[in-house]
Amino acid sequence: MIDFDHNATTPLDPRVRGAMIELLGDPALDGNPSSVHGRGRAARAVVEQARRELARAVGAEPLQVTFTSGGTEADALAVVGSCRALRRAGKPHGLLSTVIEHPAVLGAGERLESEGSPRVFVGVDRHGRVDPARVVAALVAGPELGVVSIAAANHELGNRCDIAGLVAAIRAGVDRPIVIHSDAVQAFGKVEVDFGAWDLDLMSVSSHKIHGPKGVGALIHRQHHELDPLWIGGSQERGRRVGTEPVPAIHGFGVAAGLVARELDQRRASFVPLREQLLVGLRERVPDAVIHGDPEQTLGNTVLASIPGCSGELLLINLDLEGIAVSTGSACNSGKLAGSKVLLALGVDPALAASALRLSLGKDSSRAQVEALLDRLPEIVERVRAHGGVN
């Protein structure tokens, strides 16, 4: 299988797998990290080493790292936990986000709205770009708003957002405290992520997007940030995320984060030229393809392209039969084949949105793989169009 769906997940790095297998094979590390005996302390040491590795990789301090089950839970803990804490304290507790956030943030907003917290969306331009002035204006006009959640990189378009500039604009332009969260799940591992330099209150990251194991992520937060936990019944992760920590998965996450810290420039240098090869090849071989997103502020690994007259779902299925994995959008849309909800939110014609393919590259992608996709795609497009182009 040739993988052009790295924004959905990344394959486990062999070095991470090896580190996890080594840990799993050591009975001395098989304790509960909350236990005070020797095996428990050894397991706790593994967790704390991973916490330090992740903190270094994202520009944070170890005490600012809370491990979760993944990016989705980290987003929910950040957004729901912050709004609930503000509401309990009698402070403004409404949520502001963009219309193109990840389903994890949109879903958290729906939950908050059902609980009585106001929710406001700020629009983006036709390329999916966020205007800080519009965010500030919405916050000034909405005194009920207390939390902002805007992604550092869009999961479908591959756009980057200048989070440091956005945070600075909010801090300077709004005369009340605002809790600012950024979903950095897609950004981490592809571009530099720096919690401290960005001056955020909260930031979400995920292991399986950086060639680590699935089932573990983290919320990065200011050390004394008020946050209502989503779960009750324990004191793990300083009470912010209760439940026994999955030590092997956290260990793998820490190893993967350390690799990102050491190899980020090398990884970007590998996939950025492949994206250019992909863009040039698409324009040559499917001339009417429409490329979406910001052409300048990009992750460097993602192409979201609509192919008029073709169902994105049929293109995906035909490419899958050829051994090529792609996506029609976010993998978190209930596991269903569907057109890009981000493009619909941008006002793109529904037929064009339904013809979109997301092609996302990884650190191990190659020129030969890109060429293989480009070689097969024109024939598949012709075949789909010959059958009416739709399901």
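Because the structure is a prediction, the values reported are computed rather than measured.
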Trainee: Under 3.5 Å, is there a donor-acceptor pair between the side chain of His211 and the main chain of Pro11?
Mentor: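 Present.
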Trainee: Quick one, Arg240 with Glu226, criterion salt bridge (Lys or Arg N to Asp or Glu O under 4.0 Å). Give me CA distance, side-chain angles, the key distance, then yes/no.
Mentor: CA-CA 10 Å; Arg240 292 188 178 91; Glu226 287 292 324; over 6 Å; no
Trainee: Should Arg51 and Glu61 count as an ion pair when the cut-off is N to O under 4.0 Å?
Mentor: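 Looking at Arg51 and Glu61, the cut-off is not met.
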Trainee: Got Val179 and Leu86 here, is their nearest side-chain heavy-atom distance under 4.5 Å?
Mentor: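 Yes; the side chains approach each other to less than 4.5 Å.
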Trainee: So, Lys363 side chain and Ser270 main chain: donor-acceptor pair closer than 3.5 Å or not?
Mentor: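 Checked: no pair found.
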Trainee: Determine yes or no for a side-chain-to-main-chain donor-acceptor pair under 3.5 angstrom, with Asn301 supplying the side chain and Leu361 the backbone.
Mentor: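 Present.
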Trainee: So, Arg358 and Asp5, do they make that salt bridge, N to O below 4.0 Å?
Mentor: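 Yes.
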Trainee: Is Ser306 reaching over with its side chain to a backbone N or O of Pro308, donor-acceptor style, under 3.5 angstrom?
Mentor: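 No, Ser306 side chain to Pro308 backbone: no donor-acceptor pair under 3.5 Å.
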Trainee: Mark yes or no for whether Lys190, through its side chain, and Gln186, through its backbone, hold a donor-acceptor pair below 3.5 Å.
Mentor: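 Yes, because the side chain of Lys190 sits within donor-acceptor range (under 3.5 Å) of the backbone of Gln186.
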Trainee: Answer yes when Asp294 and Arg160 have at least one side-chain N-carboxylate O distance shorter than 4.0 Å, and no when they do not.
Mentor: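 Salt bridge between Asp294 and Arg160, a charged N being under 4.0 Å from a carboxylate O: no.
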Trainee: Taking only Lys NZ, Arg NE, NH1 and NH2, and the carboxylate oxygens of Asp or Glu, determine whether Asp320 and Arg376 approach each other closer than 4.0 Å.
Mentor: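 Salt bridge between Asp320 and Arg376, a charged N being under 4.0 Å from a carboxylate O: no.
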Trainee: Check whether any side-chain heavy atom of Val135 lies under 4.5 Å from a side-chain heavy atom of Asp131, and answer yes or no.
Mentor: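 They are not in side-chain contact.
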Trainee: Checking Gln223 side chain against Gln64 main chain: does a donor-acceptor pair fall under 3.5 Å?
Mentor: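 Checking the backbone N and O of Gln64 against the side chain of Gln223, no donor-acceptor pair under 3.5 Å is found.
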Trainee: Roughly how far, to the nearest 0.5 Å, is CG of Asp194 from CD1 of Ile163?
Mentor: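 Result: 12.5 Å between the selected atoms.
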Trainee: Give a yes or no on whether the backbone of Val370 and the side-chain of Gln277 come within a donor-acceptor separation of less than 3.5 Å.
Mentor: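 No; judged by distance alone, with no hydrogens or angles, the pair does not exist.
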Trainee: Ignoring hydrogens and geometry, is there a side-chain-to-backbone donor-acceptor pair from Ser360 to His6 under 3.5 Å?
Mentor: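 Answer holds: yes.
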Trainee: First locate atom CG of Leu377, then atom CG of Leu278, and finally report the distance between them rounded to the nearest 0.5 Å.
Mentor: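 CG of Leu278 is found 9.0 Å from CG of Leu377.
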Trainee: Any Lys/Arg nitrogen of Arg56 or Glu53 sitting under 4.0 Å from an Asp/Glu carboxylate oxygen of the other?
Mentor: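 Yes, charged N to carboxylate O under 4.0 Å.
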Trainee: Is the closest basic N to carboxylate O distance between Glu156 and Lys341 below 4.0 Å?
Mentor: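 Salt bridge flag = no for Lys341 with Glu156.
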Trainee: Does a salt bridge link Arg52 with Glu48, judged by any charged N lying under 4.0 Å from a carboxylate O?
Mentor: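 Looking at Arg52 and Glu48, the cut-off is not met.
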Trainee: Return yes if some donor-acceptor pair links the side-chain N/O of Ser82 with the main-chain N/O of Ala78 below 3.5 Å, else return no.
Mentor: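 Yes.
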Trainee: Check this for me: does any side-chain nitrogen of one of Asp288 and Arg385 sit under 4.0 Å from a carboxylate oxygen of the other?
Mentor: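 Between Arg385 and Asp288 there is a salt bridge, with a charged N closer than 4.0 Å to a carboxylate O.
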Trainee: Looking only at atom types and distance, does a side-chain atom of Gln369 sit under 3.5 Å from a main-chain N or O of Ser366, one as donor and one as acceptor?
Mentor: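 Pair found, side chain donor or acceptor close to backbone of Ser366.
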Trainee: If we check side-chain contact (heavy atoms from CB on, under 4.5 Å) with Ser204, which of these qualifies: Leu77, Thr68, Thr72, Leu219?
Mentor: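 Exactly one pass, corresponding to Leu219.
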Trainee: Between Arg383 and Glu379, does any side-chain N to carboxylate O distance fall below 4.0 Å?
Mentor: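 Salt bridge flag = yes for Glu379 with Arg383.
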Trainee: Give a yes or no on whether a salt bridge exists between Arg241 and Glu73, defined as a side-chain N under 4.0 angstrom from a carboxylate O.
Mentor: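 Looking at Arg241 and Glu73, the cut-off is met.
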Trainee: So does Asp199 pair up with Arg222, basic N to acidic O under 4.0 Å?
Mentor: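 Yes, Asp199 and Arg222 are salt-bridged.
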Trainee: Assess whether a salt bridge exists between Arg15 and Glu263, defined as any Lys/Arg side-chain N lying under 4.0 Å from an Asp/Glu carboxylate O.
Mentor: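 A salt bridge links Arg15 with Glu263.
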